[in-house]
Number of protein chains: 2
Amino acid sequence: MSRKSAGKPPTETSDSKSARTRERILDAAAHVLSRRGYAGTRLSDVADQAQIQAPAIYYYFSSREVLIEEVMWVGVARLREHVAEALDALPADTTPMERIDAAVEEHLRYQLAISDFATAAIRNAGQVPEDIRTRQLSEEGKYGDIWRALIQDAQKAGELRADLEPRAARMLVLGALNWTTEWWNPRQGSLDVVVRTARSLVRNGLGAPAVQEEGATPPSGTSRTRRAATTTGRTA
Amino acid sequence: MSRKSAGKPPTETSDSKSARTRERILDAAAHVLSRRGYAGTRLSDVADQAQIQAPAIYYYFSSREVLIEEVMWVGVARLREHVAEALDALPADTTPMERIDAAVEEHLRYQLAISDFATAAIRNAGQVPEDIRTRQLSEEGKYGDIWRALIQDAQKAGELRADLEPRAARMLVLGALNWTTEWWNPRQGSLDVVVRTARSLVRNGLGAPAVQEEGATPPSGTSRTRRAATTTGRTA
DNA sequence: GTCTATACTGTGATAGAC
DNA sequence: GTCTATCACAGTATAGAC
């Protein structure tokens, strides 16, 4: 909310050519930022990637810093919105552990879909200047809150193993998920396999052994697992 | 192995003043590299941190790139050596899952102890130039091999849950561990708690439920857990 | 071994044409 | 809206004093 773009940026959220160019610059910046890092991100490279000339960037973003900050922000904010919506769409009687299961899947699929933004935000979190970092931390905090609640609910329901410290458990799980951008590659193994393994790892890592309800969340098949646990019950 | 340092670097591995200065520069470079990133690492900042003047760096390292590459290399290599030695010290009858348990603990404790080097290697893995990256990947591969073997052994022994894809499981676990440098802070919760939570998470996440052998690896107490599973059996 | 002084290169940002 | 031209500055690397 309240991106502090310069003074002239064209009618935001419109679908004009201008808005599309702006989005192209943002995509290009995410691409460069994720591979070259904060200090290594040159506007000339962003411009090349976006197929415009460097000075044109200043028409849409008031400075290099503002552009980079928006990329980092988008990386976390879109992920949070996506996961939050998916969780809201779950039926009311979904158990805490099933909700965690769904969050793992949605986080992974979305993060790997917008991997340039996610990777940019992840890799550069600790390398940006203080002022960007402060605002970024508050955005990351919002996403962390979602997971804090998920785990707290599981704990209250007695579904969380007792020897786990909630904060450490949460960060370890998020670490496992975030790290996927560093090694997963669409050409090297299917996404479904990663999702299935991650769900299993997290569910069994956090939860008390077994006690599987009927039909709820079977050990999952292979590919069509997708929205098994998340949207299935929508009609129920 | 075979660091390609310039032409004059003083009698390596000696404990001369020269060798100590070299180590100070390396530490300083790790410090700066982990917070500023590859492109943002300025030799003047490294020099400030090491309490020398910038040009003095060139007496010990032939170029900025060589210095940075050595930092990245040290980050992974020392971790690998540490974990490998700890695993070798385990008694011969240690079960595969107990070995994984020990590896988790050793990885965490060592990584967080040399966090500047580890963080530098982790954050910049995807941002360094192609040639450094290539050599770095081979070093990371060696460490990955250790974990590949650990998980393969567990699989052969039937201790690994069947719905886990070995490679994905390995990378997810390593991600959870690596990511700790991003959030763990000595002043914010004890290391023992993190280690205990991580061990529990991984053991239950990877392994078949329960089937706890007598006395082997109890759910662990609180702090003195340290070398419980790792060195205990040294005499056995 | 370490410092002072300096050459050289590359990049962020702006002014102003089209 | 986008480009050409240009400025100012930061940072690597080296030569050479001590």
Side-chain angles (χ1 to χ4, degrees), chain A residues 4-12 14-26 28-29 32-33 35-71 124 127-129 131-132, chain B residues 4-29 31-33 35-71 127-129 131-132:
Chain A
K4 55 162 183 182
S5 25
K8 24 181 179 176
T11 57
E12 295 204 23
S14 108
D15 196 34
S16 58
K17 182 187 175 192
S18 191
R20 275 183 281 116
T21 302
R22 188 178 193 281
E23 194 65 24
R24 240 185 28 242
I25 295 175
L26 215 49
V32 176
L33 183 59
R35 303 154 212 248
R36 292 279 186 274
Y38 174 74
T41 295
R42 295 174 297 208
L43 293 184
S44 54
D45 289 345
V46 174
D48 286 351
Q49 184 72 23
Q51 292 181 302
I52 54 169
Q53 295 298 317
I57 293 174
Y58 284 93
Y59 180 79
Y60 298 94
F61 300 90
S62 62
S63 73
R64 175 179 178 274
E65 252 202 26
V66 166
L67 168 60
I68 289 179
E69 176 165 358
E70 182 156 337
V71 170
N124 295 290
Q127 300 185 350
V128 292
D131 56 329
I132 295 187
Chain B
K4 54 161 186 183
S5 26
K8 27 182 177 175
T11 55
E12 296 205 23
T13 60
S14 108
D15 196 36
S16 59
K17 181 189 176 193
S18 191
R20 274 183 281 115
T21 303
R22 188 179 194 281
E23 193 64 25
R24 238 180 35 238
I25 295 174
L26 215 50
D27 286 345
H31 182 86
V32 176
L33 183 59
R35 296 148 219 254
R36 293 281 186 273
Y38 173 75
T41 295
R42 296 175 294 209
L43 293 183
S44 54
D45 290 346
V46 174
D48 287 351
Q49 183 73 23
Q51 292 181 301
I52 55 167
Q53 296 297 318
I57 294 174
Y58 284 91
Y59 180 77
Y60 300 93
F61 299 90
S62 62
S63 73
R64 174 181 179 275
E65 252 202 24
V66 166
L67 168 59
I68 289 179
E69 177 166 358
E70 182 157 335
V71 171
Q127 300 185 350
V128 292
D131 55 329
I132 295 188

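Within every chain, numbering begins at 1; the chains are lettered A, B, ... in the order of the sequence lines, protein sequences first and strands thereafter. Just so we're clear, the structure is a prediction, and the values are computed from it rather than from any experiment.
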- Within less than 4.0 Å of OP1 or OP2 of D/dG1, is there a side-chain N or O belonging to A/Tyr59?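 So the side-chain polar atoms of A/Tyr59 do come within 4.0 Å of the phosphate oxygens OP1 or OP2 of D/dG1, strictly under.
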For residues 44-55 of chain A, tabulate all N or O donor-acceptor pairs below 3.5 Å that involve a side-chain atom, not counting sequence neighbours.
from: A/Asp45; atom 1: OD2; to: A/Arg42; atom 2: NE; distance (Å): 3.0
from: A/Asp45; atom 1: OD2; to: A/Arg42; atom 2: NH2; distance (Å): 2.9

Whole angstrom value for the distance that separates [atom2] of [N] from [atom1] of [X]:
{"X": "A/Ile52", "N": "D/dG1", "atom1": "CD1", "atom2": "P", "result": "14 Å"}
{"X": "B/Tyr58", "N": "D/dA13", "atom1": "OH", "atom2": "P", "result": "3 Å"}
{"X": "B/Gln53", "N": "D/dC18", "atom1": "CD", "atom2": "P", "result": "17 Å"}
{"X": "A/Ile68", "N": "C/dT11", "atom1": "CD1", "atom2": "C1'", "result": "13 Å"}
{"X": "B/Phe61", "N": "C/dT2", "atom1": "CZ", "atom2": "P", "result": "12 Å"}
{"X": "B/Glu65", "N": "D/dA13", "atom1": "CD", "atom2": "C1'", "result": "14 Å"}
{"X": "B/Ile57", "N": "D/dA13", "atom1": "CD1", "atom2": "P", "result": "10 Å"}
{"X": "B/Arg24", "N": "C/dG1", "atom1": "CZ", "atom2": "P", "result": "14 Å"}

- Nearest-neighbour nucleotide for the B/Tyr60 side chain, C/dG1, D/dT2, D/dA13 considered: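 The nucleotide sitting nearest to the side chain is C/dG1.
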- Item | Non-hydrogen side-chain atoms of A/Leu67 and A/Leu43 separated by less than 4.5 Å |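 With C-beta onward as the side chain, the pair touches.
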- Message: Which residues in residues 39-51 of chain A have a heavy atom closer than 4.0 Å to any atom of DNA chain C?
- Response: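 Hits under 4.0 Å, by residue number: A/Thr41, A/Arg42, A/Leu43.
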- Message: For the CD atom of B/Glu65 and the OH atom of B/Tyr38, what is their distance to the nearest 0.5 Å?
- Response: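 Going from CD on B/Glu65 over to OH on B/Tyr38, the span is 4.0 Å.
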- Message: Could you work out, with side chain to side chain contact (heavy atoms under 4.5 Å, CB included) as the rule, every residue matching B/Glu23, not counting sequence neighbours?
- Response: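 Testing B/Glu23 for side chain to side chain contact (heavy atoms under 4.5 Å, CB included), a comparison that skips the adjacent residues, returns B/Leu26, B/Asp27, B/Arg78.
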- Those residues that, when tested against A/Arg24, pass salt bridge (charged side-chain N to carboxylate O under 4.0 Å, His left out) (two or more places apart):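 Partners of A/Arg24 by the salt bridge (charged side-chain N to carboxylate O under 4.0 Å, His left out) criterion come out as none, since no residue qualifies.
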- Message: Which residues pass the salt bridge (charged side-chain N to carboxylate O under 4.0 Å, His left out) test with B/Arg36, not counting sequence neighbours?
- Response: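 Partners of B/Arg36 by the salt bridge (charged side-chain N to carboxylate O under 4.0 Å, His left out) criterion come out as none, since no residue qualifies.
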